[in-house]
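Below: one structure, written as structure tokens.
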Amino acid sequence: MPADTIKRRCHRLGQLGHEKRRRFYRAFIGEHLEVVVEAHRDPETDLLKGVSSNYLPILFAGPDEMKNSVVEVRVVQEQNGRLIGVKVEK
């Protein structure tokens, strides 16, 4: 198989994987998820970052006191392959 065919197929598979991940993420918009907040903020956005119980990475605004804790977050959007949420106030 020619090298250009292999490259083209690899590129297409990468694009397909990216789109499938974005669709999967979008299915969680509006959901409330428990998120373990990591110790460091996202360097690009300066938002807190965390991981849900089903391993979805989520970014949201909040104070540093939330780091290393578990909070409830409502997913509001998928943006460039990332989930953005807001902390749910109880």
Side-chain angles (χ1 to χ4, degrees):
M1 188 176 305
D4 63 326
T5 301
I6 293 170
K7 285 181 184 178
R8 196 171 50 251
R9 287 182 180 178
C10 286
H11 178 72
R12 178 66 187 126
L13 283 173
Q15 286 179 322
L16 181 62
H18 181 71
E19 182 56 36
K20 286 180 71 95
R21 183 179 314 111
R22 289 185 74 175
R23 273 192 228 148
F24 178 71
Y25 283 1
R26 285 186 209 127
F28 289 91
I29 293 174
E31 297 290 322
H32 289 221
L33 302 172
E34 293 228 329
V35 174
V36 176
V37 185
E38 296 179 9
H40 302 286
R41 290 181 176 271
D42 179 67
E44 292 178 30
T45 63
D46 200 39
L47 294 172
L48 291 173
K49 61 181 181 174
V51 180
S52 71
S53 59
N54 52 349
Y55 304 104
L56 295 172
I58 300 177
L59 301 176
F60 61 99
D64 285 342
E65 290 75 30
M66 285 189 213
K67 291 179 180 179
N68 299 314
S69 66
V70 178
V71 298
E72 187 175 350
V73 174
R74 182 173 52 86
V75 179
V76 294
Q77 69 176 328
E78 180 275 333
Q79 181 180 5
N80 300 322
R82 305 170 98 175
L83 287 176
I84 310 296
V86 294
K87 183 182 180 302
V88 174
E89 299 298 328
K90 295 185 180 187

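- Checked against salt bridge (charged side-chain N to carboxylate O under 4.0 Å, His left out), Glu65 has no partners two or more places apart in sequence or in another chain.
- Considering only residues two or more places apart in sequence or on other chains, Thr45 meets the side-chain hydrogen bond (donor to acceptor under 3.5 Å, both in side chains) condition with Asp42.
- One hydrophobic cluster holds both Leu33 and Leu48 under the rule that ILVMFWY side chains link at heavy-atom gaps under 4.5 Å.
- When every heavy atom of Val73 is checked against every heavy atom of Gly85, the shortest pair comes out as CG1-CA, 3.7 Å.
- Considering only residues two or more places apart in sequence or on other chains, Phe28 meets the ring pair (Phe, Tyr, Trp, His ring centres under 6.0 Å) condition with Phe24.
- Using a 4.5 Å cut-off on side-chain heavy atoms (C-beta onward), Asp64 and Arg41 make contact.
- The hydrophobic cluster containing Val76 also contains Leu59, counting ILVMFWY residues as joined when their side-chain heavy atoms lie under 4.5 angstrom apart, directly or transitively.
- Evaluation of the side chain to side chain contact (heavy atoms under 4.5 Å, CB included) rule for Val36 yields Val70 as partners, not counting sequence neighbours.
- Hydrophobic clustering keeps Leu47 apart from Tyr25 (ILVMFWY residues linked when any side-chain heavy atoms are closer than 4.5 Å, directly or through intermediates).
- Taking every heavy atom of both residues into account, Val37 and Lys67 meet most closely at CG1-CA, 3.8 Å.
- Within the 4.5 Å cutoff, the side chain of Ile29 has heavy atoms near those of the Val75 side chain.
- A distance of 11.0 Å separates CD1 of Ile58 from CD of Glu38, quoted to the nearest 0.5 Å.
- Between Phe60 and Val86 the shortest side-chain heavy-atom distance does not fall below 4.5 Å.
- Rounding to the nearest 0.5 Å gives a distance of 11.0 Å between CZ of Arg74 and CD of Glu31.
- Partners of Glu19 by salt bridge (charged side-chain N to carboxylate O under 4.0 Å, His left out), not counting sequence neighbours, listed by chain and number: Arg23, Arg26.
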Side-chain atoms of residues 5-17: list all donor-acceptor pairs with protein atoms under 3.5 Å, sequence neighbours left out, distances to 0.1 Å.
from, atom 1, to, atom 2, distance (Å)
His11, NE2, Gln15, NE2, 3.2

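- Across all non-hydrogen atoms, the minimal contact from Ala39 to Asn68 is CB-OD1, 3.6 Å.
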